[in-house]
Structure formats: C-alpha cells, structure tokens
Amino acid sequence: MSPELFDVLAAAGKIAFFWAVVLVAYLPNVVWAERRIAGLIQDRPGPNRVGPFGLFQSLADVPKMFLKEDVTPLFVDKLLHTVAPTIILVPALTTIAIVPFGSSLTIAGREIPLVIADVNIGFLYLLALTSISVYGIVIGAWASNNKYSLLGGLRASAQVISYELSMGLAAIGVFVSAGSFRPVAIVEWQAAHVWNCVPQALGCIIFIVSAFAETNRIPFDLAEAESELVGGYHTEFSAFKFGMFFMSEYANMFAAAAMIVTLYFGGWSLPFLAVTGNAGGLLSIAVFLAKVFVWVFVFIWVRWTLPRFRYDQLMALGWKVLLPLSVLNLLVVAWVVARGPGAP
Amino acid sequence: MTGATFVFALASGLAIVFALLMVVQKAPVKSVLALVVTFFGLAVLSVQLAAPFIAAIQIIVYAGAILVLFLFVIMLLNLTEEAREKDTRPIQRWLGLVSAVALAGLLLGVTLRAPPAPVLRPGDGPRIPAGDEIPLLGRLLFSDYLFAFEAMSVLLLAAAVGALILSKRRME
C-alpha cells in the first residue's frame with residue numbers, strides 16, 4: 001500500500017471513528033442521560049419504559065422526529081428558515097476535527113497521530129467555528145418572523161459576543177504557557193509538566209463559565225428561555241428542523257467539553273501512568289472520552305441545579321467580572337512566562 | 001484546472017457574487033448575511049496564500065464578532081426593509097460613482113505596477129517555515145510596526161470613547 005493511500009485511509013478512519021462516537025454512541029445516550037439525571041435530581045424516575053432503564057427512548061424519539069409533519073409557517077422567510085438548522089449543526093460537528101483524542105497508534109509499522117487535523121493555527125480554528133455557530137440561532141430567529149424568536153436571537157448574539165472575548169483571552173493564557181496554538185502541543189506540554197487547571201485555575205474557571213454561555217445551556221439559556229419566550233429562537237421549527245437544533249445543542253456540549261479537557265485537564269494524558277505502544281494509544285482514547293463524559297455530566301448537573309440568569313445579570317457578569325479577570329489572568333501568565341526559564 | 005485554481009475560482013467567485021448581493025439586497029439582515037459569505041470567501045483565499053492565521057482572525061473578528069454586532073443592532077432596531085428614499089441630492093450619487101471608479105482605478109494601478117511575484121517551483125520550501133508565521137507576525141508588530149500598531153489602538157479607543165459620549169448625550 002502506498003504511503004499516500006495509507007494516509008488517506010488513516011484520516012478517513014479517524015473521521016469515521018469520531019463521528020461514530022459522537023453521532024451513534026454519544027448523541028442518543030446523552031439525551032437519555034440528561035433526562036434520567038434530571039429525574040434523579042428532581043426525585044422522580046425519568047423515562048424508564050422503553051428498553052432496560054429506558055435506554056431505547058432515544059431510538060423511539062428519533063424516528064418520531066423524522067416522521068412528524070414538517071410545518072413551515074406561511075409568514076417565515078422560507079430560504080433562511082430552511083438553512084438555519086444546517087448552519088447551526090455544521091460548526092457543532094466540525095469543531096472536533098482538531099482535538100487530539102489520543103496519543104498515537106502504530107498500524108502496519110506506521111505511527112498514526114490520533115488527531116484528525118493537526119494545523120498550526122489549531123485553537124484559532126476552533127474559536128472561529130464556535131464564534132460563527134451563533135449564526136444558526138440568529139438566522140433561525142430572524143427568519144421565523146416572530147417577536148419571541150427575534151428576542152431570543154437578539155439575546156443570543158449579544159451573549160455570544162460578550163462571552164467569546166473572555167473565553168478567547170482565558171485560552172490565550174494556555175497558548176502563552178505552552179508556546180503554541182496547536183492542541184497536540186498543548187496536551188504534550190501538560191503531559192510533561194502539569195495540567196493547566198492547576199497553574200491557571202482562574203483562566204480555567206473563566207473558560208468553563210464562558211463555555212457554558214457559548215453552548216446556550218442553563219444558566220445561560222436566555223436565547224431559549226421557555227418561561228418567557230415560548231421556545232425562543234426555535235419556536236417556529238418543527239419535526240427534523242427542530243431535531244437539528246436539539247442535536248446541535250448536545251454536539252456543542254461535546255465540543256465544549258473536549259475543549260475544556262484539552263486546554264485545562266491534560267487532554268488524553270493521565271499523570272503517573274505511562275503505557276507505551278498500541279495499548280497506551282487505546283488507553284489514551286479511553287482516558288480522553290472518559291474526561292469528556294465527566295464534563296458533559298457537569299453540564300447536565302448544572303442545568304438541573306441552577307436557575308436562569310436575568311439578562312442584565314448575564315451582561316454584568318460577562319463585561320464587569322469575567323472580562324477584567326481574564327485580562328488579569330493573561331497579564332499574570334505572560335509575566336510568569338516572561339520571567340521563567342526558557343523565556344525569549 | 002488544478003484543485004488549487006478550482007478552489008480559488010470558487011472562493012473568489014462566491015466572494016464577488018455575495019458582495020454584489022450585499023449591496024443589492026433590500027433587507028439589511030440579508031445584506032449582513034451576504035457579507036458573512038464574502039468574508040468566508042476571503043478567508044479561503046488567505047488560506048491559499050499560506051496565511052491561515054489571517055484567515056482565522058478574519059473569521060473570528062469580522063464574521064464572528066463585528067457582523068454579529070451588526071445583526072444585533074439591526075434586529076434591535078427591527079429594521080425590516082430599507083425605505084426607498086427620494087433622491088434629494090443627486091450630486092451624491094454621481095460623487096459616489098466617481099469615487100468608486102477612482103478607487104477601482106487606484107487598486108488596478110497598484111496591482112499592475114507591483115513587482116512580479118517570485119515564481120515558486122515544485123520543491124521550493126515555504127519562505128517562512130510552517131509554524132513560524134505567528135511568532136514572526138508578533139515580533140514584527142512589536143518592533144518594525146510598533147508605532148502604527150499603537151496608533152491604531154489609540155484610534156480605536158478614541159472611537160469607543162466617542163461612541164460612548166454620543167450615546168450619553170442622546171439620553172440626557
């Protein structure tokens with residue numbers, strides 16, 4: 001087999017693996033997990049009728065979503081109403097392309113790094129994609145031609161701009177200490193030194209809070225806010241178009257969890273444990289996925305524990321607390337790196 | 001047609017078509033969305049010029065922040081369709097046309113007079129080693145272009161303060 005063909009097959013294999021994990025293993029089960037955990041927290045059983053422990057509930061829900069009548073109201077902007085769900089789903093499913101999900105595997109005498117694309121701009125690609133994912137919400141909201149949807153879109157756009165800044169500034173602290181934008185280099189730095197959540201605890205907290213805001217989850221789900229805006233930006237969407245908005249929320253959660261794990265919790269690495277060879281490679285995949293699922297659990301846990309912010313509280317937190325703190329964090333990290341050994 | 005020229009034609013074609021759509025479109029929201037597609041086309045061109053950093057910054061800053069802000073303002077004011085204003089000052093139309101032609105001529109002249117780009121042959125390595133672009137850019141910004149860089153930040157600060165004063169005055 002020629003080396004080029006091998007590379008193409010390896011890349012295709014990695015993409016297939018990741019999408020299988022996200023679309024087949026993660027998405028249906030996380031919806032089930034969210035409803036069961038919600039039940040647990042609220043002291044009720046949750047869905048437990050379809051299959052053992054209600055595990056097949058999602059298998060029943062997905063065909064329902066496919067088969068329902070797709071209602072396109074007469075007053076909507078047809079073109080934008082149709083493309084909005086796609087626009088929100090594409091960034092949600094492509095962000096993971098640059099996240100290293102394991103160390104490496106050796107197949108047929110060749111080492112395959114376990115990352116789909118190891119690009120130099122690395123996390124900038126990720127920040128770019130997360131910053132455009134808001135277009136799905138805003139376009140859907142505007143195309144719906146409904147005042148509640150419009151309010152939801154308005155809130156989403158202001159919220160994303162406000163929290164994106166602190167998110168990016170917090171992440172720059174990690175880039176400065178690792179000396180690279182490449183997620184692979186950031187994970188290797190953490191494996192060699194210490195997980196970033198320890199020396200950069202402040203940046204870590206800012207990043208996590210902003211990630212909650214970017215994924216539009218409670219306590220930051222003001223774009224949806226069903227108690228005041230009916231369904232917010234997706235009020236006028238039904239059947240599978242609604243399903244795509246619904247899926248994108250969970251795909252975004254996965255992407256956000258993967259970002260948190262890669263930047264601050266050592267990615268696929270595990271301290272005090274060095275297994276080499278293919279066993280180590282497989283173990284690193286398991287470690288990475290386990291860490292991501294822990295963070296997905298935290299997302300669910302927070303959703304069913306905290307109430308929703310009021311809009312002015314949301315803006316005050318973003319601009320008056322997180323932004324100054326993230327600038328402070330960056331200054332401190334830059335100062336330490338500039339004085340430390342190996343400084344330029 | 002090689003893959004690279006195809007991507008170039010597609011990206012620049014999209015950028016031009018959507019830039020035109022941006023101007024022609026009556027609904028301001030759709031104008032902004034057309035501009036988003038234009039910026040994506042430009043970002044693809046930056047990637048082809050081996051400047052992925054510029055491409056990423058273009059998407060993060062322009063498509064991801066500035067245009068979202070535009071959308072926010074348009075939706076806040078709930079502008080649905082531009083009212084067709086009566087032309088009370090036809091001279092501005094002509095001035096606009098003249099300045100557009102002048103700008104196009106200027107750009108064309110600069111492009112034609114530019115020294116020919118060095119021809120790269122297969123096997124030539126990139127002129128800046130991959131991975132070094134961002135440190136290089138940073139060093140240039142804080143050494144050779146320090147004055148321009150700092151002047152720009154003062155300008156932005158002045159604009160922000162100005163906007164604040166204007167909005168305060170209206171409230172009083």
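Quick caveat: nothing in here was measured; it's all calculated off a predicted structure. For the numbers below, each heavy atom of this structure counts, side chains included, while hydrogens, waters and symmetry mates do not. To find a chain, count down the sequence lines: A is the first, B the second, and so on, and within it residues start at 1.
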Going through the distances and angles, do V138(A) and M75(B) end up as a side-chain contact (heavy atoms from CB on, under 4.5 Å)? CA-CA 9 Å; V138(A) 173; M75(B) 292 195 338; 3.9 Å; yes
| In terms of heavy-atom pairs under 4.5 Å with chain B, which of A141(A), G179(A), S157(A) leads? |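 Answer, by heavy-atom pair count under 4.5 Å with chain B: S157(A).
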So which of L154(A), I161(A), L124(A) has the largest heavy-atom pair count under 4.5 angstrom toward chain B?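 Most heavy-atom pairs under 4.5 Å with chain B: L154(A).
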On a heavy-atom basis, the closest approach of A128(A) and A56(B) is CB-O, 4.2 Å
Quiz prompt | Nearest heavy atoms of E164(A) and I60(B), plus distance in Å | solution =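 Result for this residue pair: OE1-O, 4.4 Å.
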Highest number of heavy-atom pairs under 4.5 Å with chain A among G64(B), A55(B), A65(B), A43(B) belongs to G64(B)
_Would you compute the distance between atom CD1 of I59(B) and atom CG of L127(A) and round it to the nearest 0.5 angstrom?_
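Nearest 0.5 Å value for the CD1-CG distance: 12.5 Å.
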Which atoms of [X] approach chain B - backbone, side chain, both or neither, heavy atom under 4.5 Å:
| X | answer |
| --- | --- |
| L80(A) | side chain |
| N145(A) | neither |
| I139(A) | side chain |

Okay, F40(B) and chain A: the region with an atom under 4.5 Å from a heavy atom over there is side chain
Check your understanding: Hey, are the side chains of V134(A) and V68(B) touching, using non-hydrogen atoms and a 4.5 Å cut-off?
Key ->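 Heavy-atom side-chain distance check passes, below 4.5 Å.
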(Q) Side chains of I132(A) and V36(B), heavy atoms from C-beta outward: is any pair under 4.5 Å? (A)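 The answer is no, as the side chains (C-beta and beyond) never meet within the 4.5 Å cut-off.
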Counting only heavy atoms not in [X] (residues, nucleotides, ligands), do more than 12 fall under 6.0 Å from its [atom1]?
| X | atom1 | answer |
| --- | --- | --- |
| F8(B) | CZ | no |
| I91(B) | CD1 | no |
| F18(B) | CZ | no |
| F70(B) | CZ | no |

Here the ring pair (Phe, Tyr, Trp, His ring centres under 6.0 Å) pairs for residues 140-168 of chain B, sequence neighbours left out, are F142(B)-F149(B)
Quick one: does Y135(A)'s side chain have a donor or acceptor within less than 3.5 Å of a partner on L33(B)'s backbone?
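Side chain of Y135(A) to backbone of L33(B), a donor-acceptor pair under 3.5 Å: no, none is there.
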